[in-house]
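Worksheet: one structure, shown below.
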Amino acid sequence: QVQLVESGGGLVQAGGSLRLSCAASGGIVSISTMAWYRQAPGKQRELVARITNFDNTKYADFVKGRFTISRDNAKNTVYLQMNSLKPEDTAVYYCNADSLFRIGGGYEYDVWGQGTQVTVSS
């Protein structure tokens, strides 16, 4: 079964840094676009950044210049380096994979991780 597992969240002071990781498992051959979303209490889930399998990236305006998304295709892992964190970055961060091609054939679409909490104190 395909799974995305996030790690790296935690509590950090404003101005600090965290690095999130999201590892995909379950007999995966390749993954197309991967992305990070976040959801703060009482708010809708929003796109933070995404990266295609050609390493094209897109960022939300509120993280440009502070966050960097990257991926390691050999490890089926996507990362989010978060610098200059602000209290308003506090949220649960979710990893998403647009489509995954599995060993033996077949695709799975729109797969989500369970989320990792990021809390930034002022």
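Val78 and Ser70 make their closest contact through CG2-O, 3.1 Å (heavy atoms, listed as atom of the first residue, atom of the second, distance). In terms of heavy-atom proximity, Leu20 sits nearest to Trp36 at CB-CH2, 3.6 Å. Across Cys22 and Leu4, no two heavy atoms sit closer than the pair SG-CB, 3.9 Å. Nearest approach of Arg50 to Ala35, heavy atoms of both residues: CB-CB, 3.5 Å. The shortest non-hydrogen separation linking Tyr109 to Ser99 is CD2-CB, 3.5 Å. Closest approach of Ile31 and Ala24 over heavy atoms only: CD1-CB, 3.7 Å.
Hydrophobic clustering, with ILVMFWY side chains joined whenever heavy atoms are under 4.5 angstrom apart, groups Val48 together with Ile51. Under the 4.5 Å side-chain heavy-atom criterion for Ile, Leu, Val, Met, Phe, Trp and Tyr, Val12 and Met82 are members of the same hydrophobic cluster. Following chains of ILVMFWY side-chain contacts shorter than 4.5 Å, one cannot reach Val5 starting from Tyr93, and the two form parts of different hydrophobic clusters. Both Val111 and Ile28 are members of a single hydrophobic cluster when ILVMFWY side chains are connected at heavy-atom separations under 4.5 Å.
Residues forming a salt bridge (Lys or Arg N to Asp or Glu O under 4.0 Å) with Lys64 (at least two apart in sequence, or on another chain): Asp61. Among residues two or more places apart in sequence or in another chain, the side-chain hydrogen bond (donor to acceptor under 3.5 Å, both in side chains) test is passed with Arg71 by Asn73. Looking at residues two or more places apart in sequence or on another chain, you find a side-chain hydrogen bond (donor to acceptor under 3.5 Å, both in side chains) between Asp89 and Arg38, Arg66.
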Apply the test side-chain contact (heavy atoms from CB on, under 4.5 Å) to residues Asp72 and Tyr79: give CA-CA distance (whole Å), side-chain angles for both, the deciding distance (0.1 Å), then the verdict. CA-CA 8 Å; Asp72 183 336; Tyr79 305 96; 4.1 Å; yes
Is there a side-chain contact (heavy atoms from CB on, under 4.5 Å) between Leu85 and Phe67? Walk through the geometry before answering. CA-CA 9 Å; Leu85 283 160; Phe67 292 9; 3.7 Å; yes
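One distance of note links CG of Leu18 with CD of Gln81; it measures 8.5 Å at 0.5 Å rounding. To the nearest 0.5 angstrom, Glu46 atom CD is 3.5 Å from Phe62 atom CZ. Expressed to the nearest 0.5 Å, how far OH of Tyr37 lies from CG of Leu80 amounts to 13.0 Å. The distance from atom CG of Leu100 to atom OG of Ser32, rounded to the nearest 0.5 Å, is 7.0 Å. Atoms CD and CD, from Gln39 and Gln44 in turn, are 8.5 Å apart once rounded to the nearest 0.5 Å. The NZ atom of Lys86 lies 14.0 Å from the OG atom of Ser122; values are rounded to the nearest 0.5 Å.
The salt bridge (Lys or Arg N to Asp or Glu O under 4.0 Å) contacts involving residues 104-122 comprise Arg102-Glu108, where partners must be two or more places apart or lie in separate chains. Counting only residues at least two apart or in different chains, salt bridge (Lys or Arg N to Asp or Glu O under 4.0 Å) contacts with residues 6-15 are absent.
Ser30 has its side chain out of reach of Asn53: every pair of non-hydrogen atoms, C-beta onward, lies at least 4.5 Å apart.
If you check the side chains of Ser17 and Asn83, you find a donor sitting under 3.5 Å from an acceptor.
Hydrophobic cluster of Leu11: no remaining members, since no ILVMFWY side chain lies below 4.5 Å from it.
Between the side chain of Tyr59 and the main chain of Ile69, a donor-acceptor pair closer than 3.5 Å is present. Of the possible donor and acceptor atoms, one in the side chain of Thr90 sits under 3.5 Å from a partner among the backbone N and O of Val120.
Ring geometry, Phe101 versus Tyr107: the interplanar angle falls from 30° to 60°, so the pair is classed tilted.
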